[in-house]
Amino acid sequence: MSPDRPVVFVVDDDYRVREALSSLISSAGLDVAAFGSATEFLDSEKPDSPACLVLDLELPGTNGLELQRELATGNAPPIIFITGHGDVPSSVRAMKAGAIEFLSKPFGDEELLHAIDAAISMDRSARHRRSEIAELQKHYALLTPREREVLPLVTAGLANKQTAAELGTSEITIGVHRGQVMRKMGARSLAELVRMADKLGITREN
């Protein structure tokens, strides 16, 4: 599997269902990896690529909802639940826990493929956001302790004179710190620096 190509994980204990789903998903031009249990899925190596998980609700051992809870602590791919024994309480729990779709068997091929397409798009966006924040954190790590004090005040709209008064230093010194913050963060404008701080969750209160 190419690291850039999306992959669809299928977890279903019925071999025939796994084969049918794998064939359908492959015919849509997507890579697919199928597993017979939650444990097999958890123990497998997974490519660093956009993905989604087509997950059977009823599984031997760890069931679908339990696997969903276990995956919730990490950067798990979006989940599409499938079941032959769907009930309203289960679907409500699954959707509240973040599943993007809950399909009762038998479902249409296009219905599943549409859900997969939406899930992969969602995962692409989430991966992009994580990558963007990780890059911003690398830049933020370059700031000195004083520059980290200056950043939230500058992005809150305080002028150099106000920032200097708040931090008990000179306006000229703040101007130097401000320039260093802009350079190290890679911000081309104050507006861009404000967006960066917002994505990192940095506010004046921090």
Side-chain angles (χ1 to χ4, degrees), residues 1-136 198-201:
M1 294 178 188
S2 164
D4 299 322
R5 280 174 58 84
V7 57
V8 180
F9 300 111
V10 174
V11 181
D12 195 302
D13 62 319
D14 188 325
Y15 174 77
R16 293 164 300 176
V17 172
R18 290 200 304 276
E19 286 291 292
L21 291 178
S22 295
S23 177
L24 171 66
I25 294 165
S26 295
S27 72
L30 296 165
D31 288 334
V32 57
F35 308 92
S37 70
T39 301
E40 284 181 25
F41 170 73
L42 291 171
D43 290 345
S44 69
E45 286 192 28
K46 301 169 185 67
D48 183 19
S49 58
C52 76
L53 171 58
V54 178
L55 179 60
D56 188 24
L57 182 67
E58 297 296 329
L59 291 169
T62 303
N63 67 33
L65 289 174
E66 290 167 343
L67 177 58
Q68 182 187 31
R69 284 195 296 272
E70 192 164 342
L71 293 174
T73 55
N75 296 321
I79 295 174
I80 300 164
F81 272 103
I82 58 174
T83 178
H85 312 283
D87 60 76
V88 173
S90 293
S91 63
V92 169
R93 285 199 300 275
M95 300 302 277
K96 280 187 174 180
I100 71 158
E101 190 59 89
F102 195 99
L103 303 176
S104 295
K105 301 172 186 175
F107 45 79
D109 291 353
E110 288 304 314
E111 189 177 14
L112 176 62
L113 291 175
H114 178 74
I116 288 172
D117 185 56
I120 288 174
S121 294
M122 184 184 298
D123 196 46
R124 279 190 196 279
S125 297
R127 289 169 60 83
H128 177 74
R129 285 193 301 272
R130 290 197 297 270
S131 175
E132 189 177 25
I133 290 172
E135 188 63 27
L136 288 175
D198 184 58
K199 286 174 182 176
L200 288 171

(request) List the steps and the verdict of side chain to side chain contact (heavy atoms under 4.5 Å, CB included) for Leu55 and Phe41. (result) CA-CA 10 Å; Leu55 179 60; Phe41 170 73; over 6 Å; no
Show me the donor-acceptor pairs, under 3.5 Å and distance only, between side chains in residues 108-121 and residues at least two apart or in other chains.
residue : atom : partner : partner atom : Å
Ser121  : OG   : Asp117  : O            : 3.1

(request) Would you please test Val11 and Leu59 for side chain to side chain contact (heavy atoms under 4.5 Å, CB included) and show each step? (result) CA-CA 9 Å; Val11 181; Leu59 291 169; 3.7 Å; yes
(request) List in chain and number order the residues that pass side chain to side chain donor-acceptor pair (under 3.5 Å) with Asp12, two or more places apart in sequence or in another chain; answer none if no residue qualifies. (result) Lys105
(request) Kindly give the heavy-atom pair with the smallest separation between Asp123 and Ala76, and that separation in Å. (result) OD1-O, 4.5 Å
(message) Counting C-beta onward and ignoring hydrogens, is there a side-chain heavy-atom pair between Leu53 and Pro77 closer than 4.5 Å?
(response) yes
(request) For residues Lys46 and Ser44, report the shortest heavy-atom separation together with the two atoms involved. (result) NZ-O, 2.9 Å
(request) To the nearest 0.5 angstrom, please state how far the CZ atom of Arg18 sits from the CG atom of Asp13. (result) 7.5 Å
(request) Output yes when a side-chain donor or acceptor of Ser27 lies under 3.5 Å from a complementary backbone atom of Leu24, and no otherwise. (result) yes
(message) Are Asp56 and Asp14 packed together at the side-chain level, in the sense that at least one heavy-atom pair is separated by less than 4.5 angstrom?
(response) no
(request) Please identify each residue that fulfils salt bridge (charged side-chain N to carboxylate O under 4.0 Å, His left out) with Glu132, with sequence neighbours left out. (result) Lys199
(request) For Pro6 and Arg124, work out which heavy atoms get closest and say how close. (result) CG-NH2, 3.2 Å
(message) Give me the atom names and distance for the closest heavy-atom approach of Ala99 to Gln68.
(response) N-NE2, 3.4 Å
(request) Write down the atom of Pro78, the atom of Ala51, and the distance for their closest heavy-atom approach. (result) CD-O, 3.4 Å
(request) Mark yes or no for whether Thr62, through its side chain, and Leu67, through its backbone, hold a donor-acceptor pair below 3.5 Å. (result) no
(message) Out of the candidates Asp31, Ile80, Val54, only one should pair with Val8 under the side chain to side chain contact (heavy atoms under 4.5 Å, CB included) rule; please name it.
(response) Val54
(message) Set out, in order, the CA-CA distance, both residues' side-chain angles and the distance that settles side chain to side chain contact (heavy atoms under 4.5 Å, CB included) for Phe102 and Leu57, then state yes or no.
(response) CA-CA 9 Å; Phe102 195 99; Leu57 182 67; 3.9 Å; yes
(request) Quick one: closest heavy-atom pair of Asn63 and Leu65, and the distance? (result) OD1-N, 3.1 Å
(message) Quick check for you: to the nearest 0.5 Å, what is the distance between Asp48 atom CG and Arg127 atom CZ?
(response) 4.5 Å
